[in-house]
Amino acid sequence: MTHYDVDLFVIGAGSGGVRAARMAAGLGVRVTIAENRYLGGTCVNAGCVPKKLFVYASRFREDFIAAKGFGWSLNTPQFDWSHLLAQKNQEIHRLQGVYEDLLNHSGVTLIEGQAHLLDVHTVRIGERNISCKRILIATGGWPSVPNIPGKELVVTSNEMFALAKLPKRILIVGGGYIAVEFAGIMHGMGVKTTLCYRGDKLLRGFDEDVRVFVAQEMHKKGIDILFNTKISAIEKNENSFMACTDKNQQLEFDLILYATGRTPNIAGLGLETLGVELDAMGAIKINDDYQTNIPSIYALGDVTNRLNLTPVATAEAMALVNGLYSNQPTPVDYDNIPTTVFSQPNVGTVGLTEKEARNRYPDIDIYKSVFTPMKHTLSGLDEKTLMKMIVRRSTDKVLGIHMVGSDAGEIIQGMAIAIRAGATKAIFDSTIGIHPTTAEEFVTMRKPVD
Ligand SMILES: Cc1cc2nc3c(=O)[nH]c(=O)nc-3n(C[C@H](O)[C@H](O)[C@H](O)COP(=O)(O)OP(=O)(O)OC[C@H]3O[C@@H](n4cnc5c(N)ncnc54)[C@H](O)[C@@H]3O)c2cc1C
């Protein structure tokens, strides 16, 4: 029998890699993990966690305005970006420590450095060659910026988490969730914010009503949105940047953020030499067992570019490890995965969009409600909430639930359980609401829209 130095070598200590490494080690597998940048990966260091902390910070501005409507008087609040940055860094440092402890306590060997594959059973890191029975690639994704003149002048989401100072005016290019979330964050922090997108609606792939509604709400708050506009070049002035559009506009900003997508992080891994199959986007192709076309090499998470979310990467990690090393397989069900855009207001969604449902079934009922949440009856803020439910008439099954409004993420998590359990509209109707809440609207929508 061939002897290997380790049973499983994991490349990348992000959401998926760390979960796979420590689960496998917990089952007695000899695991080594390599990380070249930061423990915890994108989510902890340049994604979900710092982003959500920034969202919290940015929401205070409206809360201060709303407070007046409820009888509070405040001196002019001041915002200190460097204080927030220091607090955020401290929290991330703490989380990195948690990840390190988790790996140590589960017996995983951690090696800091850039790993690449020498052959289908050997990883090279630093000066060491390590032979491994299996190799798991969990190297995540990386922001991509289109090739336009001046692309070196822009920042990506990575740099947004460490800006030396806040700009006065920012241009955010993109229409996906990262662009939309940063628009809310920057606007909330008092930065004059312009969002520029080449399409005619934000958040491609989401329900059409949601796409329209969220843009209207963002616009009402004071974010400029330029639809159907492409940036053709970026130039630097003495103290600012000019963005030239395909409509011959010259727009001046202090900072330009490109949130125009992420590409699988495979650079330098040596995959091409070994013949590991990639798709047209450079994502690693895998089968249902997360195995590449090379039997000893596996991949999961963002580097496979399927559903690029932290809980998906961790679920895939558990499915892989349980499939390989335990008798209790836990396959991932990719249907009805809920997701939230931490825009302001939030978007929360689970299940089919109206378009998907109508393409699939002939008998669809739509329940929809747009209203002013109770808080804004006194807050002085003009913010509306959208709630939408998609039901198949013949089975009464709820196929999709979509919301734009405060705490949509928190609300939709519960809705996702109901949808996964196969809840019918009748079950929703017979559920007693919690009053007074926004969420109760989901159990009191009685009449489908025409
Ligand atoms: C701005 C932003 C906001 C986000 N917000 C959310 C959110 O709110 N909710 C959500 O669910 N998801 C969110 N995501 C997505 C989420 O961060 C990813 O889906 C998740 O981190 C993917 O995990 P992963 O394990 O595949 O990769 P990652 O977490 O990216 O980990 C990959 C790791 O591999 C390391 N690595 C790469 N190459 C090598 C190498 N050759 N050798 C050694 N190490 C290597 C990298 O340094 C990295 O640490 C967000 C992403 C971004 C960018």
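Indexing begins at 1, ligand by ligand and atom by atom, following the structure's order. Residue indices begin at 1 and follow the sequence shown. What you see is a predicted model; the values in this text were computed from it and never measured.
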If hydrogens are left out, which of [options] has an atom nearest to [atom], that is, the closest non-hydrogen atom?
| atom | options | value |
| --- | --- | --- |
| atom 52 (C) of ligand 1 | Gly47, Pro50, Pro264 | Gly47 |
| atom 1 (C) of ligand 1 | Gly12, Gly113, Ala46 | Ala46 |
| atom 18 (C) of ligand 1 | Thr42, Asp302, Val312 | Asp302 |

Does this structure show an ion pair linking [X] with [Y], if we count only N-O contacts that are shorter than 4.0 Å?
| X | Y | result |
| --- | --- | --- |
| Lys375 | Asp63 | yes |
| Glu316 | Arg306 | yes |
| Lys285 | Asp279 | no |

So is [X] polar-close to ligand 1, meaning N/O to N/O under 3.5 Å?
| X | value |
| --- | --- |
| Leu309 | yes |
| Ala115 | yes |
| Gly16 | yes |
| Glu35 | yes |
| Arg262 | no |

Option from Leu95, Leu39, Val98 for which side-chain contact (heavy atoms from CB on, under 4.5 Å) with Val44 holds: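 With Val44 as partner, side-chain contact (heavy atoms from CB on, under 4.5 Å) holds for just one option, Leu95.
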Could you find the nearest protein heavy atom to [atom] and give me its residue, atom name and distance?
| atom | result |
| --- | --- |
| atom 20 (C) of ligand 1 | Thr310 OG1, 3.5 Å |
| atom 50 (C) of ligand 1 | Tyr177 OH, 3.1 Å |
| atom 31 (O) of ligand 1 | Gly14 CA, 3.3 Å |
| atom 13 (C) of ligand 1 | Cys48 SG, 3.3 Å |

Go through the side-chain N and O atoms of [X] and [Y] and say whether any donor and acceptor fall under 3.5 Å apart.
| X | Y | value |
| --- | --- | --- |
| Glu159 | Thr156 | yes |
| Asp333 | Asn336 | no |
| Thr330 | Asn322 | yes |

Going by the atom numbers of ligand 1, which of them fall below 4.0 Å from some non-hydrogen atom of Asn308?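 Those qualifying, in numeric order: 15 (C), 19 (O).
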Under 4.0 Å from any heavy atom of Pro311, which atoms of ligand 1 are there?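 Every atom of ligand 1 under 4.0 Å from some heavy atom of Pro311: 11 (O).
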Between [X] (side chain only) and [Y] (backbone N and O only), is there a donor and an acceptor less than 3.5 Å apart?
| X | Y | result |
| --- | --- | --- |
| Ser106 | Ala25 | no |
| His121 | Lys133 | yes |
| Glu217 | Lys384 | yes |

For Val155 versus Met160, what's the shortest heavy-atom pair and its separation?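 Between these two residues, the closest heavy atoms are CG2-SD, 3.9 Å.
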Tell me which part of [X] gets within contact of ligand 1: side chain, backbone, both or neither, using heavy atoms under 4.0 Å.
| X | result |
| --- | --- |
| Leu269 | side chain |
| Lys51 | side chain |
| Ala138 | backbone |

Does ligand 1 have an atom that lies less than 4.0 angstrom from a heavy atom of Ala267?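 Contact absent.
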For Ala34 and ligand 1, answer yes if some heavy atom of the residue is under 4.0 Å from a ligand atom, otherwise no.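 For ligand 1, residue contact (heavy atoms, under 4.0 Å) with Ala34 is present.
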